[in-house]
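Numbered from 1 within each chain, the chains take letters A, B, ... in sequence-line order.
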Protein chains: 2
Amino acid sequence: MQGTGSDDERLDKAFLALADPVRRSLVARLSRSSATVNELAAPFQVSKQAISKHIQVLEKAGLITRSRDGQRRPCHLAPAALEELTSWIDGYRLAAEARFRALDRVLAATKSADHPEHE
Amino acid sequence: MQGTGSDDERLDKAFLALADPVRRSLVARLSRSSATVNELAAPFQVSKQAISKHIQVLEKAGLITRSRDGQRRPCHLAPAALEELTSWIDGYRLAAEARFRALDRVLAATKSADHPEHE
DNA sequence: TAAATGGTCAACCAACTGGTTGATAAAATA
DNA sequence: TATTTTATCAACCAGTTGGTTGACCATTTA
């Protein structure tokens, strides 16, 4: 349900893409509206080439798509790719939380056996 | 509500920690139960030292915690840290999706003005 | 056509990553 | 005490990352 490469490769690229404050800022900006490279580069101190590289990292990770508008190459956020990441994380987070809740219940049961509250 | 460092630094470390298939496997394994370094290293071909390094990356990212049990140092998943990541992603994902839905409504309205279905 | 604008390519560099091996610390066990 | 088990530290290496500058392509505009 996505571009080329194994699941692992896509997750590698996507998580790596988000492991940089500049690229996270680009994602945040693009969540408000699509934008060109120049527009995206404006708020940053680094060169336009550096932003162009960041954009390529995001694109290869599938987190953004690009279109053509004359000489401009607008960038658009790809929410489905973000959703893949939260799904991956949540699968394991929810499993761990369920396990901890089960442990809490056992501890509570043990404690109420030591110090019964009724009976 | 978390260890040292700015939000950016913590997100950097956490996303970078997940941008590696070995470390994601460790997270998956730890979502089932806590485990020691030896237990975590067993399924992999790489050296125990390499796994120890991966564990340190996860720990510095706040994704796992460690305890003492004699000479063992069991690792435990930290679901709250995972939740921080999904929250970050979902904030921007949901904003973008809402924007796209709004655009869809506009397009639908335009189309029904061109080709009115009733009246 | 000439010039300006939007964006990328290529080469280079310092810093970091993930892996290795060997030595070592620290706790359990003989 | 001597040995084994668990885990980490230190040094090193090849490959990658994020940044730079300068040249270049492609499109719009004068």
Short side-chain N/O contact from A:Ser52 to OP1 or OP2 of C:dT8, under 4.0 Å: yes
Single-linkage hydrophobic cluster, 4.5 Å side-chain cutoff, A:Tyr92 and B:Ile89 together: yes
Closest approach of A:His76 to A:Ser67 (non-hydrogen atoms, all atoms of both residues): NE2-OG, 2.6 Å
Cluster check B:Val27, B:Val46: I/L/V/M/F/W/Y, side chain < 4.5 angstrom: yes
Sugar-phosphate only, base, or nothing, as touched by B:Gln49 at under 4.0 Å among non-hydrogen atoms: base
Span of DNA chain D in contact with chain B (heavy atoms, under 4.0 Å): D:dT5 to D:dA11
Heavy-atom donor-acceptor pair, B:Arg24 side chain to B:Leu18 backbone, under 3.5 Å: yes
Whether over 12 other heavy atoms sit under 6.0 Å from A:Arg66 CZ: yes
Overall bend - the helix from C:dT1-D:dA30 to C:dA30-D:dT1, comparing terminal axes fitted on five pairs, nearest 10 degrees: 10°
Nucleotide C:dA28, atom C1' - distance to CG of B:Asn38 in whole Å: 14 Å
Whole-Å distance separating the CD atom of A:Gln71 from the P atom of C:dT8: 12 Å
Hphob cluster co-occupancy, B:Ile64 + B:Leu16, side-chain heavy atoms under 4.5 angstrom: no
Gap between atoms CZ and P, on B:Arg68 and C:dA25 respectively (whole Å): 15 Å
Separation between CD1 of B:Ile55 and CG of B:Leu40, rounded to the nearest 0.5 Å: 5.0 Å
Atom pair distance, as rounded to whole Å: CG in B:Leu16 and P in C:dG18: 6 Å
B:Arg72, CZ: over 12 other non-hydrogen atoms inside 6.0 angstrom: no
